[in-house]
Amino acid sequence: MRALLGTTIPIGMALTLCLTASCERKAQTQVFTIGMSQCNLGEPWRVQMNADVKTAADKHPSIKMIFKDAQNDGLKQRAHVEEFVSAGVDLIIISPLEAQPLTKPVAKAMDVGIPVIVLDRRVRGDKYTCFIGADNKQIGRAAGRWIVKQLGGKGKVVELKGLMTSTPGQDRHTGFRAGIEGSEIEVIFEADMKWLEGKARGEMESALARFDEIDLVYAHNDPGAHGAYLAAKAAGREKDIMFVGIDALPHEGIIYVKQGILDATFEYPTCGKEAIDIALKILNGEEVPKEITLGSRLFTTENVEAGGEPIGSEP
Amino acid sequence: MSGELKSIPSLSPAREAWWREALRSPIFTAAVAFGLVLVLGLIFSGDGAFYKWGTHRDALRQASVYGILACGMTVVIITAGIDLSVGSVLALVAVSFSILSIHWGWSPWVAIPACLAVGTACGAVTGGIIARFAIQPFIVTLSMMVFARGMAKYVSGGMKVSTAVQGANGTYSYVDVPEIFRLIDSRLLGENLSVVSLIFLACVILSWIGLSRLRWGRYVYAIGGNEAAARLSGVPVGAMKVLAYGLAGLFAAVAGICQAAQEQQGDPETGMAYELSAIAIVVIGGTNLMGGRGGIGLTLLGTLIIGYIEKILSINAVAEANRLMLTGVIIVAAVLIQRRRV
């Protein structure tokens with residue numbers, strides 16, 4: 001019911017807006033249908049991505065969005081693309097689960113003339129219109145450098161890693177290690193917490209039991225850093241330790257920084273707003289770049305109210 | 001403490017010495033398996049972390065949610081059933097409890113009973129369907145597993161229910177963590193015992209009373225041992241099954257409340273695959289998957305075995321791949337030890 005209202009109201013509003021607009025200017029009557037396939041709405045970051053796409057699309061009465069959730073199933077997502085093609089949408093936005101199984105369906109959509117914007121994860125080859133993503137290695141490196149600066153080049157760090165069989169986990173790890181290279185930062189404890197807050201808390205309890213001196217916790221996502229904070233708080237040691245996370249979702253990491261739980265979080269941009277900007281350009285026949293890499297923002301206790309600061313894309 | 005049906009000693013042809021019998025009992029072999037896990041901890045102590053009480057307190061805290069689920073699972077498995085829905089029901093309750101407590105500001109005196117009712121209802125519905133239509137528990141509880149996960153996502157809108165509250169203009173502000181969350185996630189006895197571990201112990205004692213001291217427990221064993229015979233002897237099989245699955249749902253709700261309090265939020269994705277851990281705990285303890293035999297004391301030991309394996313691997317910072325392989329090996333070893341009757 002709520003979902004129904006949620007989709008019908010914006011569409012209805014969009015239609016009314018179109019109608020009123022068309023009365024004034026007959027030229028702008030065209031409504032573009034964009035199909036968006038999300039690989040897994042079980043992840044908060046991807047829920048945020050869809051929310052960002054929707055917010056951006058709602059500002060343009062000429063766009064009608066159709067959202068689909070593949071629930072972590074590559075074949076389901078493949079079916080999404082095929083359904084969008086047979087429905088004859090004007091453009092497809094896809095955040096693919098895996099490259100290989102989705103390369104061919106995306107290429108087929110391109111063959112019948114439907115432009116495809118690929119978000120966050122790639123497909124193989126170059127049969128797509130535009131790829132928008134962020135660079136986890138770069139974010140990990142920026143986090144590493146910031147940590148070196150904060151600790152004065154020396155300290156004991158716990159690294160709580162995301163799922164290490166996933167690319168974001170690997171990149172946030174190697175980037176971080178590159179960032180602290182050359183300093184006297186020592187990673188005294190590392191564990192795979194699989195992005196899970198509860199698991200991160202248990203691992204942090206082990207680290208606290210083993211080491212009397214911990215200067216900072218670097219977690220590959222904000223829930224991980226929050227779990228570590230709860231463990232340290234229970235041990236009465238949260239004041240002696242800094243906590244750094246990644247993702248900076250508005251309802252998660254940013255709130256944690258505002259509450260003084262995390263000392264810093266690095267944004268991993270969802271590309272949602274940018275996807276709609278690019279989609280409009282493509283639909284209006286403008287040229288768009290093939291690859292767009294978005295920069296990240298750093299949120300700390302000092303700058304969070306001001307909206308953070310860009311970390312840029314220096315190598 | 002276990003509630004197995006034992007043959008009456010006086011009727012055995014050659015009565016054995018009491019200690020021989022004790023050595024053969026499943027509770028003893030489970031205790032031996034747990035003892036061996038503890039020895040592993042003493043050897044691989046993680047720079048002495050294993051010798052600190054805090055490590056044991058934390059191991060108990062982390063195992064408690066699984067243990068609470070395993071209590072309900074034990075009862076269901078003794079009826080020769082299985083409940084795959086407990087992880088999802090846990091998530092549904094965690095989400096509901098967070099919405100009621102954090103966003104709606106309900107008093108815990110109302111929110112907790114409401115959440116317990118939600119969990120019990122989920123269990124009673126599956127139990128009722130299993131009993132009324134004689135469908136395999138596997139498929140009915142699998143359906144509830146999917147349904148309850150869907151409900152958890154629906155009521156939460158697919159987002160974690162946390163202390164971040166979205167305002168009318170789309171920006172987020174935060175509210176305080178409710179007092180009840182802090183209370184459940186605190187410690188007693190001079191910071192030496194987590195409240196969730198106490199809740200787990202309370203669940204153990206409650207189920208032990210139910211299985212070993214009440215007529216209902218006898219019925220549960222009778223149904224698992226031979227359902228047709230139990231029916232013919234006048235056991236109200238259907239009602240007992242509804243009670244068994246309802247109890248599993250109730251414990252899943254208790255676990256969900258503990259989970260939400262510990263994570264300070266209701267995550268619709270939480271509790272994923274917890275049902276498998278709960279089943280593993282029950283079986284490692286020594287309760288028979290075929291039903292009719294087992295007990296809650298065994299499940300307590302099973303919880304400790306699983307909890308300590310995880311903690312010992314964690315304090316030694318064993319890499320994830322090795323951790324999984326070692327866990328598999330240790331679990332099989334623990335079960336094999338129990339097989340070998342002295």
Side-chain angles (χ1 to χ4, degrees), chain A residues 1-3 6 40-44 46-48 50-51 55 69 71 158-159 161 163-165 169 188-212 223 226-227 229-231 233-236 249-256 258-259 261, chain B residues 45-59 61-63 65 149 153-154 157-166 170-174 176-177 185-187 191 194 259 262-265 267-272 307 310-321 323-324:
Chain A
M1 188 61 191
R2 192 164 64 182
N40 182 16
L41 278 183
E43 298 167 36
R46 294 187 176 278
V47 175
Q48 189 63 40
N50 274 31
T55 312
D69 171 17
Q71 296 164 336
V158 169
E159 184 181 5
K161 300 183 284 190
L163 188 64
M164 282 311 278
T165 42
I188 51 171
F189 188 93
E190 54 181 306
D192 193 331
M193 50 89 176
K194 304 174 192 167
W195 311 116
L196 297 173
E197 166 148 6
K199 184 105 171 105
R201 181 171 174 175
E203 296 299 338
M204 185 63 189
E205 283 173 347
S206 299
L208 289 163
R210 256 185 95 158
F211 300 101
D212 292 327
H226 184 242
Y229 170 86
L230 290 179
K233 187 158 188 258
L249 293 184
H251 61 281
E252 230 169 53
I254 294 194
I255 288 288
Y256 293 152
K258 281 187 186 171
Q259 286 174 304
I261 291 172
Chain B
S45 66
D47 293 343
F50 196 76
Y51 304 125
K52 294 179 190 162
W53 173 247
T55 305
H56 300 264
R57 175 197 63 208
D58 295 341
R61 181 197 65 75
Q62 223 182 339
V65 164
R149 183 69 65 187
K153 291 190 187 196
Y154 176 78
M159 307 278 279
K160 290 179 187 174
V161 183
S162 63
T163 49
V165 184
Q166 196 167 21
T171 57
Y172 289 89
S173 54
Y174 57 87
D176 267 343
V177 178
D185 193 24
S186 62
R187 295 172 184 158
E191 293 280 295
S194 303
Q259 185 85 349
Q262 291 186 80
E263 294 193 345
Q264 297 192 347
Q265 63 186 11
D267 181 357
E269 298 293 328
T270 200
M272 206 64 100
E310 190 170 338
K311 196 67 201 174
I312 292 165
L313 292 171
S314 170
I315 54 173
N316 287 291
V318 178
E320 184 64 20
R323 213 179 267 207
L324 293 173

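Lettering of chains follows the sequences in order, A, B, ..., and the numbering in each one begins at 1.
- In terms of heavy-atom pairs under 4.5 angstrom with chain B, the leader among A:H251, A:E190, A:E197 is A:H251.
- Between the CE atom in A:M164 and the CE atom in A:M193 there is a gap of 10.5 Å [rounded to 0.5 Å].
- Residues passing the side-chain contact (heavy atoms from CB on, under 4.5 Å) test with B:E320, sequence neighbours excluded: A:D192, A:K194, B:R323, B:L324.
- Looking at B:E269, only its side chain comes within 4.5 Å of chain A, counting heavy atoms on both sides.
- Both the backbone and the side chain of B:S314 come within contact range of chain A, each with at least one heavy atom under 4.5 Å from a heavy atom of that chain.
- The residue among B:T270, B:D185, B:N316 with the most heavy atom pairs within less than 4.5 Å of chain A is B:D185.
- Evaluation of the side-chain contact (heavy atoms from CB on, under 4.5 Å) rule for B:T163 yields A:Q259, B:I102, B:V175, B:V177 as partners, not counting sequence neighbours.
- Interface residue A:D212: only side-chain heavy atoms are found under 4.5 Å from chain B.
- Between the A:R210 side chain and the B:I315 main chain, a donor and an acceptor come within less than 3.5 Å of each other.
- Between the CZ atom of A:R201 and the CG atom of B:D58 there is a distance of 8.5 Å, given to the nearest 0.5 Å.
- Note that CZ of A:R46 and CD of A:Q48 are 13.0 Å apart. Values are rounded to the nearest 0.5 Å.
- With a 4.5 Å cut-off on non-hydrogen atoms, A:P44 touches chain B through its side chain but not through its backbone.
- At a 4.5 Å heavy-atom cutoff, the contact between B:Q62 and chain A is made by side-chain atoms alone.
- With respect to chain A, the highest number of heavy-atom pairs below 4.5 Å among B:M159, B:K160, B:K311, B:R61 belongs to B:R61.
- The structure places OH of B:Y174 at 13.5 Å from CD1 of A:I254, a figure rounded to the nearest 0.5 Å.
- The choice from B:V165, B:D47, B:V318 that makes the most heavy-atom pairs within less than 4.5 Å of chain A is B:D47.
- Contacts with chain A were tallied for B:E263, B:E310, B:Q259; B:E263 has the most, counting heavy-atom pairs under 4.5 Å.
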